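Down below is the structure, laid out as structure tokens.
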Amino acid sequence: MTRETFDRELKKLNERILRLGNAVEEDILKTAVALKERDMRTSREMIAVDEWVNTQRIEIMMAAFTLIATQQPTGPDMRALAATIEIAGELERIHDYVKGIGKISLKLSETALPVSSAEMILQMAATTSVMLQQALDAFAANDAAAARAIPAQDDEVDELYRQISYDLATMVIQDNAAYENVNLVQWAVHNLERSADRVINICEWVVYKAVGKYVEMDSEYEAPATLPSH
Amino acid sequence: MTLNLYSGNGRLAVEAKEMSVYYGDFRAVKEVSLQVPQKAITALIGPSGCGKSTVLRSFNRMNDLVPTARVQGAILYHGNNIYADNVDPVEIRRRIGMVFQKPNPFSKSIYENVAWGARINGYKGSMDDLVESSLRQAALWDEVKDKLDQSGFSLSGGQQQRLCIARTIAVRPEIILMDEPTSALDPVATLKIEDLIQELKKEYTIIIVTHNMQQAARASDYTAFFNMDADRAGYLVEFNETNDIFTNPAHELTEQYITGRFG
């Protein structure tokens, strides 16, 4: 076996993606809990840590570019680097949503969130976070079948999004003065919904990395019973 | 796996059918079947000893020049087996030209290097025009037009190789075989030849042997990957569009080779 340098550097990059991904996965839940609990300290932390995430993303990209320029990767090596670059980008964008929820939390006045929505928001965040965790596991294991199984869970996130939006609209109908706060909460919920969609993008890149085919997977996507053999 | 042969003009230039090549008792290449698309660039790659050069040389009966060489199976060219008894190998080599690893101009003037092949083939038109158009097609005209009477050896290595390409073009072949045509050249001269090959494919079919995988990736439309079997015979592992070979090879061995993990 040759290419030890390349293999070593690629392994390092994988580890960096997993580290970054784990941090983002935790922050999805943290920022939602902080929003619900009106925990300003954690919300501020979610805003502050976004800079670290951005830096990580750029560093991972640059390291991948360097490998492309110096090692001429092909086949699965090239796909691993392409997936790494794309996934780092998706993680960075998900954390922008995390940060956005932190900002919303700070903007919201002292008023508590409507209780039913608050619980559902947490549930959305928890599901999204678990989806991301599974996507990262599939990435680490280079497991296309596992990645293809993840997007189905997005249905739950979408359904929660619909319910919360309905609740929030009802609140405004009952009390026009609530409009401003409700609008902010609606944005927070939208951020979570988008985060879950970006987890699906990550799944698409995991599949590409593993089997060399890029397959669009929206939440209606059903994993085929048999996978195309490689 | 369906292979799209239509990035050229959809036709085949030449086809190897279950071809084996022997040197005495030793089977150097076994049962290669390969369809080479017309007016496209096909690269033959693989580790040392995999038979890629032998396969290349079979396409214009260059192996005839090796006394012990023997070819089984067929090479079909315009529907005929070029190894059939009634085929004149010299005529085959005129229509299927070859450019070698090291530039090998004759010790004659630049002009004569290009005119030579056409002259012995009884070319009747304007020799000046033929020399100019061949040198233009070989992207060499501007560099040599004022010194056509100088020796071919007065040129740089890269220029000499382009001169050899001009010489090959001058007899108007259909197919040009290239056996590691840039391995003796520096990177800049190499890229010039690669650019030139891209131009040439508009009119000619190119088959190129290279052990520079990045060159195959950069410069070819199709790639055939050869390997050496346990009995040391070369065989074809995978033939596909170059983009597929280098992003998602179908065969495990191809993957190991193109990612630099063996070979």
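The basis for the numbers below is simple: all heavy atoms, side chains too, and nothing from hydrogens, waters or symmetry mates. Below, chain A is the first sequence line, B the second, and so on; all start at residue 1. Computed from a predicted structure; not experimentally measured.
- Within a 6.0 Å sphere centred on OH of Tyr166(A), other residues, nucleotides and ligands contribute 12 heavy atoms or fewer.
- Residue Glu18(B) qualifies as open at atom CD: its count of foreign heavy atoms under 6.0 Å is 12 or below.
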CA sep, side-chain torsions, deciding dist, call: Thr74(A), Glu255(B), side-chain contact (heavy atoms from CB on, under 4.5 Å): CA-CA 8 Å; Thr74(A) 55; Glu255(B) 179 173 306; over 6 Å; no
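- Nearest heavy-atom pair, Thr247(B) versus Arg79(A), reported as atom, atom and distance to 0.1 Å: O-NH1, 2.8 Å.
- Within 6.0 Å of the CD atom in Glu51(A), the count of heavy atoms belonging to other residues, nucleotides or ligands does not exceed 12.
- Considering every non-hydrogen atom in both Pro249(B) and Gly75(A), the closest pair reads CD-CA, 4.1 Å.
- In Trp141(B), the CH2 atom is crowded: over 12 heavy atoms of neighbouring residues, nucleotides or ligands sit closer than 6.0 Å.
- Put simply, the side chain of Asn248(B) never gets that close to the backbone of Lys213(A): no donor and acceptor are under 3.5 Å apart.
- Taken to the nearest 0.5 Å, the CZ atom of Arg261(B) stands 4.0 Å off from the CG atom of Asp7(A).
- The environment of Lys103(A) atom NZ is sparse: at most 12 non-hydrogen atoms of other residues, nucleotides or ligands sit within 6.0 angstrom.
- The structure places CD1 of Ile258(B) at 8.0 Å from CE of Met78(A), a figure rounded to the nearest 0.5 Å.
- Across all their heavy atoms, Asp77(A) and Thr259(B) have their closest contact at OD2-CB, 3.2 Å.
- Surrounding CG of Asp231(B) are more than 12 heavy atoms belonging to other residues, nucleotides or ligands, all under 6.0 Å away.
- Note that the CZ atom of Arg3(A) and the CD atom of Gln256(B) stand 13.5 Å from one another [nearest 0.5 Å].
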